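Data block below; observations after.
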Amino acid sequence: MTVAVVLYTSDLRVHDHPPLRAALDGAQEVVPLFVRDPAVDRAGFAAPNRLAFLADCLADLDRALKERGGRLVVRNGDTTAEVRAVVRRTGAGEVHLAGGVTAFARAREEHLREVLEGDGCRLHVHDGVVDVVPPGDVTPQGSDHFAVFTPYHRRWAGEPLRTPLAAPRAVRVPTDVRSDRLPGRSGIADVSPGLAVGGEREGRRRLAAWLTAHGDAYEQRHDDLAGDATSRLSPYLHFGAVSALEAVQRARKRGGAGAEAFVRQLCWRDFHRQVLAARPGAARADYRPRHDRWRRGPEAEADLAAWREGRTGYPVVDAAMRQLAHEGWMHNRGRLLTASFLAKTLYVDWREGARHFLDLLVDGDVANNQLNWQWVAGTGTDSRPNRVLNPVLQGRRYDPDGAYVRRWVPELAGLSGPAVHEPWRLTGPERAAYDYPDPLVELSEGLARFRRGRETA
C-alpha cells in the first residue's frame, strides 16, 4: 500500500480541501494528521476560546472522516518530530500541507521540508487552501505586494478561481497508526460563556442559512450593530472549517449587491494576508512608522484596564468590549470603534489592544487582527492615518435607537433612544441613578493629545 500524510493546520474540513484530494489521488491510504504542538501555544495560539473552538473543529473533522471510513490521527508534540514518526511508521512517500503566511508557518514548512527530504519523503505545500487568491499571485508592478486595498481589490476581483472540490467519498487510513485522544472543551477554563460552536458542519450550516436570510441585505446592514446581520463566519474561516474560496463562489452564484459586499470583506482578508506574507515583521512592528509617543505609565495603564473591562464611559465602546468578553467575538464596526478609541482617543499603543483581542477573539488571526489594528492606528495601510472615529457620532449612526448598547450595558437600560449614547448629559439625581462611569477623557481633549503626540514624534 502506498501512503500519504495530510498535515492539517488551519484547514479543518473535508470539503474543498486540495491537500486531502491530492493525497487521495496519489496514494492508496492516507493519514489525516493534526499535531498539538506546544510551540504553537507559545506563539500565542493557546487562548481559551480558540482552544475550545479547536476542540469542536477536531471532533467534527474526526466525525466527517469516520463517515467516510477514515479517522483523524491526533498527536501531541513537536510537529516535525510527529510527522516524521508517522512517515517512518507508514513508509509514506508524500506529506501534503496547506500553505501559511505567518513567520511561524513559513519556518515550520522549511523545517519540515528539510527533515522529510532527508528521509526521502516529499513535502507538498498547497496554496489557495485558506485563501481565495494566494499571497503573491496578485502583485503591482515593482513591488512584492499591494499596500493599498482598492487597486488590490480591482485585480483580485478579476482573478480566475478554481472550482471548489467536493468532499471525498472514502478515506482509507492505515489501521496501525497510533492516535492520542481528541481534546475536548470540558477541561478548558475561562471560555467565554457565549462562545459559538465550532466545526465544519456548523460552519457550512451557518454559511447557507446566512446567505438565504441576510445575504441580499448585507450591503445595507453590515454596519448595523443591533441588527447583528453579519455572517459571523470569521471563526470558521480562521480555523478553515469553511473554505473562503467556496464562500466567495457561493456568494457570487447568488449575486446582487449584498453578495458583492460580502465578497469584498473576504478580499480584505486576503489583502491582509498578502501584506503579512511580504512583511512578516508587521505582526509586531509598525508597517509605516509614525514614531508615535504612545502614552505610558500608571494613568495610561488605568485607561487600558477600563477599556478592557468596558468601563470607558462611552457606551458603544463599552458595549462592544463586553460583547467580546461574553462571546469571544465582536461585530466588525465595534472592532473599528474600540480600536480607534484605544489607539487614538486614549493614545495607547495599538499592540496593547491587539494583544487583548488575541487573548479573547475566537477568530484571533495574526494577519487580520494585527493589520486591522495597524490600519485603525494609522501605522498600517490606511491612506488617512490620522482619522479618528467619534464614538458618540458612530453610536448614533450605527445604533440609532441604542438597542445594541442596552443589550450589552444593562445598567443603561433605563435610557431610551439615542440618549443612551451620552449618559453624562444627565444631571443631578437622574445621573446618580445610573451606575455607569463618566468618560475617561473628553473627546476633544483626546483628539488634541493624539495630534500632539504624533506631530511632535
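Everything quoted here is computed from the prediction, not taken from an experiment.
What you find for Val366 and Ala283 is that their closest heavy atoms are CG1-CB, 3.8 Å. Of all heavy-atom pairs between Arg50 and Leu361, the closest is NH1-O, 2.8 Å. For the residue pair Gly328 and Asn49, the shortest heavy atom distance occurs at CA-ND2, 3.5 Å.
Within the model, atoms CD of Glu260 and CZ of Arg252 stand 6.0 Å from one another, a figure rounded to the nearest 0.5 Å. If you take NE2 on His96 and CG on Leu7, they are separated by 11.5 Å, rounding to the nearest 0.5 Å.
Salt bridge Arg63/Asp60: present, at least one basic N to carboxylate O contact under 4.0 Å. One finds a salt bridge joining Asp363 and Arg335 here, because a Lys/Arg side-chain nitrogen approaches an Asp/Glu carboxylate oxygen to under 4.0 Å. The pair Asp365-Arg269 does not meet the salt-bridge criterion, since no charged nitrogen lies less than 4.0 angstrom from a carboxylate oxygen.
Using a 30° and 60° split on the angle between ring planes, Phe149 and Phe271 fall in the perpendicular class, above 60°.
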What do the steps show when you test Thr379 against Gln374 for side-chain hydrogen bond (donor to acceptor under 3.5 Å, both in side chains), and what is the final call?
-> CA-CA 5 Å; Thr379 62; Gln374 291 223 48; 2.7 Å; yes
Might you work through the side-chain hydrogen bond (donor to acceptor under 3.5 Å, both in side chains) test for Arg407 and Gln323, ending with a clear yes or no? CA-CA 9 Å; Arg407 182 184 307 159; Gln323 181 183 28; over 6 Å; no
Between Arg351 and Asp286, is the salt bridge (Lys or Arg N to Asp or Glu O under 4.0 Å) condition met? List the steps.
CA-CA 10 Å; Arg351 280 161 280 253; Asp286 290 348; 3.5 Å; yes
*asked:* Applying side-chain hydrogen bond (donor to acceptor under 3.5 Å, both in side chains) to Tyr236 and Arg206, what does each step give before you reach the verdict?
replied: CA-CA 10 Å; Tyr236 304 92; Arg206 285 180 179 241; 3.1 Å; yes
Output, in order, the C-alpha distance, side-chain angles, deciding distance and verdict of salt bridge (Lys or Arg N to Asp or Glu O under 4.0 Å) for Arg311 and Glu411. CA-CA 11 Å; Arg311 299 283 293 172; Glu411 58 265 44; 3.4 Å; yes
For Asp16 and Arg162, run salt bridge (Lys or Arg N to Asp or Glu O under 4.0 Å): C-alpha distance rounded to whole Å, both residues' side-chain angles, the deciding distance at 0.1 Å, then the answer.
CA-CA 10 Å; Asp16 191 40; Arg162 62 176 175 79; 2.5 Å; yes
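A side-chain hydrogen bond (donor to acceptor under 3.5 Å, both in side chains) with Glu200 is found for exactly one of His15, Arg205, Arg13, namely His15. Screening Leu12, Thr9, Val73 for a side-chain contact (heavy atoms from CB on, under 4.5 Å) involving Phe34 leaves a single residue, Leu12.
A donor-acceptor pair shorter than 3.5 Å can be found between the side chains of Asp11 and His17.
Here the two rings, on Trp156 and Phe146, have centers that are 6.0 Å apart or farther. In this structure, the ring of His356 has its center less than 6.0 angstrom from the ring center of Trp307. Ring centroid separation for the pair Phe239 and Tyr8 does not come in under the 6.0 Å cut-off.
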